[in-house]
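Chain A is the first sequence line, chain B the second, and so forth, proteins listed ahead of strands; every chain is numbered from 1.
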Amino acid sequence: VTEQVAEPSAEVTAPASKAPREEDPAELRKRADEALEAGDALAAETALRELWALAPGHASAAFVVPRFERLREALPLQGSKVAILRSFTVEPVVPLLRATAFAHRLDLEVRLGEFNAYAQELLDPESKVYAFAPDAVLLAVQARDLVPRLWEDFADLDGDAVTAAVDDASALLRSLAGAFRGAQGTLVLHTLEAPGVPSRGLLDSQAARSQAEAIRQINRTIAELAESERHVVVLDYDALVARRGRDRWFDRRKWLTTRMPIAAGEQVHLAYEWAGCLHALAGKVCKAIAVDLDNTLWGGVVGEDGVDGLQLDGEYPGAAFREVQRALLDLHQRGVLLAVCSKNNPAESLEALERHPGMLLRREHFSVLKINWQDKATNLLEIAAELNIGIDAVGFLDDNPVERELVRRQLPDVTIVDLPRDPLGFAEAIRRSPVFERVSLTDEDRARGRYYAEQGQRRRLEQSAGSVEDFLSSLEMRVEIAPVTPATLPRTAQLTQKTNQFNLTTLRYTEAEIEELRSSAASDVLTLKVVDRFGDNGLVGVAILHFDGEVCEIDSLLMSCRVIGRTIETAFLAAVVGEARKAGARRLSGRFVPTAKNAPAREFYSSHGFAGADVEDGSSVWDLDLDTQTVACPAWIELTIVDAGSRNGAG
Amino acid sequence: MTSVDAPVRRVAADVFGLPEAEVTPESSPSTIVTWDSVQHLSLVLALEEEFGVQFDPEDIEQMTTIGAIVDVIEQYKSRA
C-alpha cells in the first residue's frame, strides 16, 4: 500500500543523492567513509545511522562509534555523562549503547564502576562516581548477584528466611537510593529478572510464597522508590528479558567464563533500553510530532478514495493505521503535541478527521493543522513557529521515503521517524522512537495539548482585537508570583531544564539544587502562574534571586514560550523589584547570556530601563538603581504576590 | 582463502579499529595493540553475531590468532 506513492507529493523530485535505500551494509560503510572523506557530515551521519539500523551489533558499533566521534564538530549532538554501576560485565555493551545514542544525536561519555562495587560507589560520597558528576547513573544489578539466597538457595529457605532476604534486598536498595539523594543527576534502577526455571520447579507456582513472587516484591520496592524519590527512575529489565525470551537472553557459558550473562545478539536490546531512558533524562526529546495523513494516519488516499473509502477499521489493513493512531494518542497523553503536515485538500481531510467513524484521533487532538500544497519543510517550520518550539523539537512521520529524505536534507534538525515499508510496523516504529520517551510527567505535561488549543483561540482573538493594549486587556490576565514549594519544585526544575527561548542565562538546575536554593537564606526561587480568560496556563515562569547586602542579583529569569509576548515578563520583573526592595536591596543586577535560541529575551533588560555593559564572553551585565528607578506592572495584568514569609530557611 | 576468512577479517578490523588490509591470518594480541582481554570478548561476541554461533569456552581459548579463529569457525560451520 505504501510503496505506491499515491499522494500528489509523488511529483516532488528527489535530490540527486537520493538513490533507493541501500540494503547492503558494505555499501553503507563505503558511503559513510566517502562522505566523511568529502566532509559531508549529514550524508555520513545518514549512512552511519542506516548502517546501525540495518546491521546493529558489536562489529557495526565498533565501526560507527569512532566515525560519529569524528562528526562531533559538524553535527548538533547533545552531550551527556553516564556512569554504569554493575554486578556483571557490561564493557561490550558500551559501544552498542554509544552507537544507539549517536544515531539519535546523543553523545554519551560513559564511565564504568568497578566490578560488583556498586554499593560502595553509591554509599561513599567521595567515590569516583560522584566525582565524575554524571547526568545519569545506571545501576545494572542482577537478582543472582543482589540476592543470591533467593536466586541460588531458594529451595533451602523457609518462609521467614524468604521474608528476611526480601527485606534485606529492599533495605539495601532504599539505602542506595537514599545515598544518591544529594547528588545531581538521576539514578536508574534495573528491576530484577524472574528466574527462568524456579528452584522448586513446578512446586514454585503452587505456593503464594514463590521464588518469582519474592523477586516481584523486591521489584515493587524499586517501583515505590521511583515514585517517592524524584531522582530515581526505573528501567524494567525483567520486562526486557521477558520480551526477548529468558532462555535466549541468558548465555550460561559467557556468564561462567566472563561474567557476561547476556547472549551476544541480545546485548543490543539492553543498549536500546538504556538509550531510550538516557534520551528522556537528557531532555533530548521531541515536543511535537508532525504527521502525514494519506497512508500514514489512515489507509488510502482521501482525495481519491473519499472519506468513506479510507481504511481504518479493526481488520487488516485498516487495523495497522488504527494502531498508528493509538500510538500517537498515547504520545498525546504524555504531553507530546500532535500536528498534521499533509499535502492535501483541506476540506476532505478535515471531514475525515472530524467524522470518519474509525478515527481515534480527532481535530482537537492536533495543535496545528497544515493541510495544503506547500512543501513539507515550509510547513514544518510554520508548525514549529506556531507552537513556539525550536525546529529541533519537532518529529516527522511520513510513509513516503522521498518526503522523509527531502525533509532530512532541508531541515537536518528535525527528527525523522524511520518507517518500514509495511504499515503493520508503523506503530511499533513510533513507540520505539526514544525521542518521545518521558520518565516523569507533570500535570502541565498531561494538559499541554489543551493549553495549545486554547492558545489557538487566543491567537484568533489577537487578530480580531484592535490595539495591542485592547487585546492584552481582553485576555484578563491574572499573574501570581509565589516562592517555590515542595509541590511546585519538580515543575520549577523542569522549566529551568527545558526553557530555551525566554531565558536570560539558560542555567539548568536539578530538583536537588532548587531545593538547596529554596532553603538558603541568601536566595529566593519565585514561580509564576498565569490564568486568563481562556484557562489556566499553570506554572510557566521561574526567577532565581541572590541577595548580598544592598545588591539583589537575578541569577535566572525564564518563562515558558506559551506566555511570551503578553507583557507578563514586565509583571514578573515588577514583582522581582518588590521582593528586592523588601530585602533591603538598593540595586538590582542581572546578566544576559546569549544562546542560539534566547533572542526573545535579548531586549528584556534594556527595555525595562536597566543600564548595561558588555563583558568579554559575549554576555552583558545590567543594573537597575532601585533608589531612583522602578518597574510597574502593566495595567492589564492583575498581579498577586504570595508572601515568601521570610528568607530564613526551608519555610 | 575460505568463505569465512573475509568476514572474520572485516569483523576484526572493525573491532580493533584497523584497515582490513592490516589484519592477516598471523595477526594476534602481540601484533595488534588494541587486542586486549576486553576487546577479545567484543571480538568473540561480534563473531558469534556474524556467524550465528555460540562458542565453547575451550574454543575461545584457542582463538589466539586470526588464522586460528578462522579454523574454529570453520569447524562450527562444518558441524552445522
For this session: Report, as yes or no, whether the 6.0 Å neighbourhood of atom CD on A:E34 holds more than 12 heavy atoms from other residues, nucleotides or ligands.
Result: yes

Exercise. Under the criterion side chain to side chain contact (heavy atoms under 4.5 Å, CB included), which of A:T258, A:T257, A:L256 is the partner of B:P57?
Worked result: A:T257

Exercise. Relative to chain B, which of A:A62, A:S60, A:P95, A:P66 shows the most heavy atom pairs under 4.5 Å?
Worked result: A:A62

Exercise. Does B:L45 reach the side chain of A:Q267, with side-chain heavy atoms less than 4.5 Å apart?
Worked result: yes

Exercise. Considering all heavy atoms of both residues, which atom of B:E49 and which atom of A:G265 are nearest to each other, and what is their separation?
Worked result: OE2-CA, 3.7 Å

For this session: Kindly indicate whether the side chain of A:T89, heavy atoms from C-beta on, has any atom under 4.5 Å from the side chain of B:L41.
Result: yes

Exercise. What pair of heavy atoms forms the shortest contact from A:H58 to B:S42, and how long is it?
Worked result: CB-O, 4.1 Å

Exercise. Given a strict heavy-atom distance threshold of 4.5 Å, which part of B:F16 is in contact with chain A: side chain, backbone, both, or neither?
Worked result: neither

For this session: Would you mind checking if A:R29 and B:D14 are paired as a salt bridge, meaning a charged N to carboxylate O distance below 4.0 Å?
Result: yes

Exercise. Between B:Q54 and A:D251, is there a donor-acceptor pair closer than 3.5 Å when you use the side chain of the first and the backbone of the second?
Worked result: no

Exercise. Would you call A:K254 and B:E48 a salt bridge, taking side-chain N to carboxylate O under 4.0 Å as the test?
Worked result: yes

Exercise. Does atom CZ of A:R252 have more than 12 heavy-atom neighbours, drawn from other residues, nucleotides or ligands, at distances under 6.0 Å?
Worked result: no

